[in-house]
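The model shown is predicted, which means the values in this text are computed figures rather than measured ones.
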Amino acid sequence: ERNNEGKRTERSETEPTMGQLLAHIMGTQHVEQIFIDFDNAKPSAQEQELWDQIDHVLKASPQVLEKLTSYSGCEQWIRAAITSPSPENEDAAWNKVLPAVDQLQEFYEFSLQLEKSFPKLLVALCRDDPKASLSNQQALAKQLGDVFDFVLRFDDAKMVNPAIQNDFSYYRRSLSRMKLSKKDLNIKVRDELANRMSLFFAYPTPMMKVLSETTVKFLDDNSGNVSRDNVVGALGNMANICLDMVDKHKFSSNETNMFCLRAMTGAIILYDHVCYTGVFTKKSMIQMRAAVGVLKGYTDASTDGLLNALRFTTLHLNDPDTPGAIKQLLA
């Protein structure tokens, strides 16, 4: 900033941030005062058993993401088998696709583990007052953030890698031929599993679809004796707390701030799937204009993938009662 004489001046520590000014102007000043220490949260004795169960699943997530981001596909071999069909080219393509599909099976099976474990996290954080639960069970709240962080990273990487669907489509087309020629001895992914995996990978954001469908089914079945209002409340508070912590610069590292922004975005998307009226109405407990403003105003890393997730993975953005200002922000 510069003063009237053109000399640079330092911003006061107490001077409001641009996000806070915008929020105040828009009437969306958020007042969440809970601080979740994502960098240092440790499970209490009460949290430990469930934390260990969820941690056992989440431990594999970095490896899953690493394999996904380095997945290069089999295009060269598949193209040769299609444009110059011969037993040699077809065998070469098959031998290349087979281990690739084994890797895709790992991704799919990880989604099944998430599907099984996520409701347990919801019960722990939503059975009682959700705001107090997030504050008092910070290690579990961090794991909720871990799930959202993984899901958004996975879906972002999957969406920009067409090789996954192309490889799997070729695999399914070749499956019956390989069975007829008795070359199917090493096949792990057979018809029924292949059909389920095909449905999973056909969706643009498969992990978020698993999370939203799992949560909706959990609530419809009422298997955990947890009210929809409490789940909506937990997701709304999670989003607002993460928004507040980024906007007020509670963390210095870009890594933790991006974690907060992914957790916020995941909570917003899931809220929109679970709450009957959605996340964009004026009655929504999530400060959506402020949330979008913080994503757009964040300059230490790209948030384009998170903004696209809000545009394309939510259900109610284009509803008639979504305020025009929100639609314009995400246009």
Side-chain angles (χ1 to χ4, degrees), residues 19-34 36 118 121-122 125-126 128-135 141 144-145 147-149 151-152 205 208-209 211-216 218-220 226-248 260-298 303 305-331:
Q20 288 165 342
L21 285 172
L22 282 172
H24 181 72
I25 292 166
M26 291 175 173
T28 57
Q29 184 68 33
H30 35 93
V31 293
E32 303 304 325
Q33 297 301 328
I34 294 175
I36 301 177
F118 191 64
L121 208 49
L122 291 177
L125 291 171
C126 307
D128 301 317
D129 175 66
K131 194 169 185 177
S133 294
L134 288 169
S135 179
L144 178 63
V147 172
F148 289 137
D149 183 70
V151 164
L152 284 158
T205 52
M208 184 55 78
K209 186 171 191 281
L211 221 56
S212 59
E213 287 184 346
T214 298
T215 306
V216 169
F218 165 77
L219 289 171
D220 288 346
V226 171
S227 74
R228 185 177 296 264
D229 284 348
N230 274 17
V231 173
V232 168
L235 295 169
N237 277 296
M238 183 74 169
N240 286 338
I241 290 164
C242 291
L243 162 62
D244 192 63
M245 292 193 299
V246 174
D247 193 45
K248 293 180 179 171
C260 288
L261 292 176
R262 287 191 199 95
M264 177 190 80
T265 303
I268 288 169
I269 293 167
L270 198 53
Y271 181 109
D272 197 51
H273 282 258
V274 170
C275 179
Y276 292 126
T277 54
V279 76
F280 298 104
T281 65
K282 290 178 181 176
K283 293 181 180 178
S284 167
M285 70 177 288
I286 297 178
Q287 308 291 343
M288 280 306 301
R289 282 191 287 180
V292 176
V294 164
L295 285 173
K296 286 191 162 188
Y298 192 75
T303 57
L306 301 181
L307 288 163
N308 283 333
L310 292 180
R311 291 180 183 112
F312 305 121
T313 319
T314 49
L315 289 179
H316 295 94
L317 176 59
N318 295 313
D319 284 5
D321 54 351
T322 296
I326 295 287
K327 290 181 179 178
Q328 189 63 39
L329 275 172
L330 286 170

Heavy-atom distance under 4.5 Å between the side chains of L152 and I269, does that happen here? yes
Heavy-atom closest pair (C126 atom, A234 atom, distance to 0.1 Å) is SG-CB, 3.5 Å
State, yes or no, whether a side-chain contact exists between L295 and T265 at a heavy-atom distance under 4.5 Å. yes
Where G278 and H316 come nearest, the two heavy atoms and their spacing: CA-ND1, 3.4 Å
Say whether, by atom type as modelled, one donor and one acceptor occur between the side chain of D149 and the main chain of A263 under 3.5 angstrom. no
Considering non-hydrogen atoms only, spot the tightest contact between L329 and R289 and give its length. CD1-CG, 3.9 Å
Are side-chain heavy atoms of L243 and Q287 found at a separation under 4.5 Å? yes
If you take all heavy atoms of M288 and I268, which pair is closest and at what distance? SD-CG2, 3.7 Å
Please evaluate residues V226 and F218 with respect to the criterion side-chain contact (heavy atoms from CB on, under 4.5 Å), reporting the C-alpha separation (whole Å), side-chain torsions for both, the decisive distance (0.1 Å), and the verdict. CA-CA 9 Å; V226 171; F218 165 77; 4.1 Å; yes
Sidechain-backbone polar pair: T313 side chain, L310 backbone, donor-acceptor under 3.5 Å: no
Test item: F312 and T205 side chains (from C-beta on) under 4.5 Å apart, heavy atoms: no
Closest non-hydrogen contact found for M245 with C260 is CE-SG, 4.1 Å
So which heavy atom on R228 is nearest to which on Y276, and how close? NE-OH, 3.1 Å
So do the side chains of I326 and L317 get within less than 4.5 Å of each other, counting heavy atoms only? yes
Backbone N/O of F148 and side chain of R262: donor-acceptor pair under 3.5 Å: no
Any K327 side-chain heavy atom under 4.5 Å of F280 side chain: no
State, with a plain yes or no, whether a side-chain heavy atom of L144 is found less than 4.5 Å away from one of F118. yes
